[in-house]
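The basis for the numbers below is simple: all heavy atoms, side chains too, and nothing from hydrogens, waters or symmetry mates. Along the sequence shown, the residues carry numbers beginning at 1.
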Amino acid sequence: MQENKKSLSTIRKLNIVFVAIAVVLFAGTLFFSDAFSLEYLPEMTDFDSGWCDEEGNLYKLSEVKNSDYKNGVITLSKKLPIYLFDGECICFESKNVNIKVSLNKRRVYEYLAEENITGIGYGVAFHKVGISREDAGKTFIIECQQLTEKNSSAHIYRVYLGQPAEYIRWFIHDRALLLIASVLIVFFGLLLFVLWLGIPDKSRQPFDVFSLAVATFIIGLWCLINTNAIQLVSGHYYFWRTLGTLIVPMIGYPFVVFYTSFTKFKKNIYSILAFAVSVGAEATMIVLRFVADMDMMNTVGFFALVVLGSDIVLMMIAYIENRIHCKALGIKTDFFALNIGLSIFAVLTLIDIILWEFARNYRDTYGIFMRFGMVVLTIIMILKFVSWWTMDQAAMDRDRFINRSLQFATTSKNPVESIKLLLEYLGKELDAKRTYIFELDEKNRISETYEWFRDGVTPLAQEIKAAASEKEFAKIRELGISDDRLCFVVNDPEEIKETSQFTYQVMKRNNIGNAVFSPLRTGNEIAGFVGLTDISAERIPSVNEIMKVLPHFFTQFINQKKEQDRIIYYSYHDYLSKAKNRTALKEFTKDKFDKSQAFGYVLCEIDGLKDINAKLGHDIGDEIVKITAKNLMDVFGDENVYRLSGEIFAAFGFENDETYFENDVQMARRLLEDEGSPGNVVGVYCSNGTMNFDVVISHAYELLEKEKQDKAKGE
């Protein structure tokens, strides 16, 4: 076992080192390659500066303002370089602007917006205008037209001269973190959905995993759309703009459902209100678009704030109400991990807002902190789910193990056999060296009653019996077996060296590396304990949980055995005197009595028991019966005294000499006289045994009758 532990420890260390090396290699490859480095990117000519309008004013295309448009139109031109290569293009992005491109007044490209569900805007579009060597030195003219007079979002930016593939690489590089974060959010949303599908009993989930999956996926999809990378790759501008606009109000409802699933009282009113707000905002946006001709570009921000504000209020009310109820009932709330994640998300989002307002060069990568805040929140929730899943699976495995154990144990109707089977099953299934049960007897002494151990393992029974039992049991209780502790683990003998030297010595002598034991309780009293030794370190947590449950069933089996023993005992013993009864006498004389050996047979009759009961009461009569039985058992032994009727007892003496037998008979007489018990005692000794025990019985009754007559004459 010790070698196995060392082997496991070595493998664990190697695994940690291996993972560390893999992380270092990945990080090194990531940061010292073309993943983020500008050195590996192809060179492109920045074509943003040096544009002239018809009046000779110079502009940067990316800095053309709304006020620069004349009647909603601006025409700018710029000479192409004198050296061009085939396959090169003028690549640029546009946002909500109609574009016409000419070379020396020859129209070569145009992009005219079409009215769509969201309005007349299209969001961001990507353009590449092909040129050739013959176009070198020609004038490149671009005419921009605002879609509406008040449209301040009309822009052209990121203008480069080069290969389109190179332009895509530059774009992806510039928004790499945005893309990574957005893709991670989408991935986590899908992962949560898969995890939700894998939950067999969805009523037991720690929170509404499906709602979190939906909310995370929608947020991730919206973030991905807003990187514009998906538009660049697919070329579907209207679809992604429409989808990105319409899903904004829909984020609120699943998020509120997810949040309120943490409350203990699961009130539906918050989810219903959140649904009404999300669907209402969505419907109102669409109605205003087609009835009032209001562009969604101008309304989506307002409705997004309405939904966000309403959902925050709903979640705050749900949180406060849940906290008040839980505090009143003394129930712990479960918002800690969620609040940590939301706090991180809120702080990072606030950083984004500040940078948007004050850092103008941040516009191309806005939302990066918010995205990673969402990533952190989702990771925290996934870790919480995994933690729950692990504990839930451990609980299910534990329950299955316990059920199998009990099914295995209950294959026998004999409680003793059930206990032995259960101990053996525990030992083999949990890979323990030994399993055992020690019980306290009536004198508070520890004794081993059951033990299973593997081949080659020394039993503990002899060593435990050598203990100063009562004192040692008190020390074991100090280890942790108390009324409020269900299980105790000794991971190393050195832990209990100072507390219980005896237990420490037993573990050291038997090379026991660890032990798990739990108390056996009868009512509020600890009646013993059940334990296992030398379990693998990985299994101790699960064994610890199992041993919090199984002792209850061991106690049931032990109590069944005691009840069975009690029933058997009173089948062969007299309830009042505790002496054996006529059934026991018949069984003894029929199956166990060796009539060929010397023996003595004794009869004892209590004088006037019926009169005593009538005159002095049955309590006095019962007491005389008990005294008589006790004295006879003190002389002849508990196993050799029988109560034949209300006032007659029989006893056997197995002395080898008649003198000794007669001395015992006389002693019984004296004890009864000293106790004031009115009884007659006679004995028949058979030095050579007997062929007919009935003759012995008849002779004993004759002697008893004679003694009664002699006593009557004497009186």
Side-chain angles (χ1 to χ4, degrees), residues 46-55 57-78 89-102 107-129 140-160 167 171 174-175 225-232 235-246 248 285 288-289 292-302 304 356-357 360-367:
D46 188 345
F47 215 63
D48 188 37
S49 303
W51 292 85
C52 298
D53 64 7
E54 295 172 344
E55 298 175 357
N57 299 313
L58 291 176
Y59 293 89
K60 273 190 171 183
L61 271 181
S62 60
E63 295 181 359
V64 173
K65 298 185 288 294
N66 189 50
S67 58
D68 295 324
Y69 286 81
K70 309 300 182 186
N71 297 320
V73 178
I74 186 171
T75 302
L76 300 171
S77 62
K78 181 178 180 178
C89 297
I90 302 295
C91 303
F92 59 94
E93 298 173 41
S94 69
K95 184 176 182 182
N96 300 325
V97 60
N98 287 330
I99 298 167
K100 296 177 181 178
V101 176
S102 302
R107 181 68 51 82
V108 293
Y109 179 83
E110 70 178 11
Y111 184 85
L112 303 178
E114 296 181 5
E115 190 169 355
N116 57 85
I117 297 174
T118 64
I120 60 174
Y122 56 80
V124 172
F126 296 87
H127 311 274
K128 56 180 181 180
V129 181
F140 191 92
I141 304 168
I142 184 167
E143 179 184 312
C144 306
Q145 179 185 16
Q146 291 178 312
L147 297 184
T148 63
E149 293 182 3
K150 297 181 179 180
N151 186 6
S152 61
S153 65
H155 293 290
I156 292 180
Y157 44 91
R158 204 184 295 272
V159 188
Y160 288 95
Y167 180 82
F171 179 88
D174 287 349
R175 301 201 172 185
I225 292 171
N226 275 272
T227 63
N228 299 321
I230 198 166
Q231 292 91 318
L232 173 63
H236 297 96
Y237 307 122
Y238 296 108
F239 170 77
W240 293 114
R241 173 177 175 78
T242 302
L243 183 61
T245 303
L246 293 178
V248 171
M285 271 177 31
L288 290 176
R289 165 70 185 96
D293 199 28
M294 293 183 65
D295 199 305
M296 284 188 185
M297 182 176 60
N298 299 321
T299 60
V300 66
F302 170 78
W356 171 262
E357 283 296 324
R360 307 305 296 180
N361 59 349
Y362 179 68
R363 293 299 175 91
D364 283 346
T365 55
Y366 77 93

Next item on the list: Show your reasoning for whether side chain to side chain contact (heavy atoms under 4.5 Å, CB included) applies to Val129 and Phe140.
Entry: CA-CA 10 Å; Val129 181; Phe140 191 92; 3.9 Å; yes

Next item on the list: Step by step, work out the side-chain hydrogen bond (donor to acceptor under 3.5 Å, both in side chains) result for Thr227 and Arg175.
Entry: CA-CA 7 Å; Thr227 63; Arg175 301 201 172 185; 6.0 Å; no

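To the nearest 0.5 Å, the span separating CE on Met285 from CG on Leu246 amounts to 5.5 Å. The CH2 atom of Trp51 lies 11.5 Å from the OG1 atom of Thr75; values are rounded to the nearest 0.5 Å. The CD1 atom of Ile120 sits 8.5 Å away from atom CG of Asn98, with the distance rounded to the nearest 0.5 Å. Distance check: Tyr167 OH to Glu93 CD gives 4.0 Å after rounding to the nearest 0.5 Å. To the nearest 0.5 Å, atoms CD1 (Ile141) and NZ (Lys100) are separated by 13.0 Å. In this structure, CE in Met297 is found 9.5 Å from OG1 in Thr299, a value given to the nearest 0.5 Å.
Here the side chain of Asn116 pairs a donor or acceptor atom with the backbone of Gly119 at under 3.5 angstrom. The backbone N or O of Ser62 lies less than 3.5 Å from a partner atom in the side chain of Asp48, making a donor-acceptor pair. Listed for the Tyr109 side chain is no donor-acceptor partner under 3.5 Å among the backbone atoms of Ile142. The backbone N or O of Glu114 sits less than 3.5 Å from a side-chain atom of Tyr238, completing a donor-acceptor pair. Panel note: side chain Asp68, backbone Lys65; a donor-acceptor pair is recorded below 3.5 Å. In terms of modelled atom types and a separation under 3.5 Å, the side chain of Asn96 and the main chain of Gly123 share a donor-acceptor contact. Side-chain atoms of Lys78 come within 3.5 Å of backbone atoms of Ser49 as a donor-acceptor pair (strictly under, hydrogens ignored). At least one donor-acceptor pair under 3.5 Å links the side chain of Gln231 to the backbone N or O of Ile225. Between the side chain of Arg289 and the main chain of Ile117, a donor-acceptor pair closer than 3.5 Å is present.
Taking the charged nitrogens against the carboxylate oxygens, Lys70 and Asp53 have no contact shorter than 4.0 Å, which rules out a salt bridge. The pair Glu143-Arg107 does not count as a salt bridge, with every side-chain nitrogen at least 4.0 angstrom from each carboxylate oxygen.
Between Val97 and Ala154, the shortest heavy-atom contact is CB-CB, 4.2 Å. The two residues Tyr160 and Asp46 have their closest heavy-atom pair at CD2-CA, 3.8 Å. The nearest pair of heavy atoms linking Val248 to Ala304 is CG1-CB, 3.6 Å.
In this structure, the side chains of Leu76 and Val64 come closer than 4.5 Å at one or more pairs of heavy atoms. Put simply, the side chain of Ile230 does not reach to within 4.5 Å of the side chain of Asn228, judged on heavy atoms. For the pair Ile74 and Cys144, the minimum side-chain heavy-atom distance is below 4.5 Å. The closest side-chain heavy-atom distance from Val124 to Arg241 is not below 4.5 Å. Contact of the Leu232 side chain with the Phe171 side chain is registered, since non-hydrogen atoms from C-beta on lie closer than 4.5 Å.
Note: Tyr122 and Tyr111 meet the aromatic proximity criterion, with ring centroids under 6.0 Å apart.
The cationic group of Lys95 does not satisfy the cation-pi geometry with Tyr157, failing either the under 6.0 Å distance to the six-membered ring centre or the 45° limit from the ring axis.
Ring geometry for Phe126 against Tyr237 counts as tilted: the plane angle lies between 30° and 60°, on a 0 to 90° scale.
Inspection of the His127 and Ser94 side chains reveals an N or O donor paired with an N or O acceptor under 3.5 Å.
Heavy atoms from other residues, nucleotides or ligands lying under 6.0 Å from CG of Asn71 number 12 at most.
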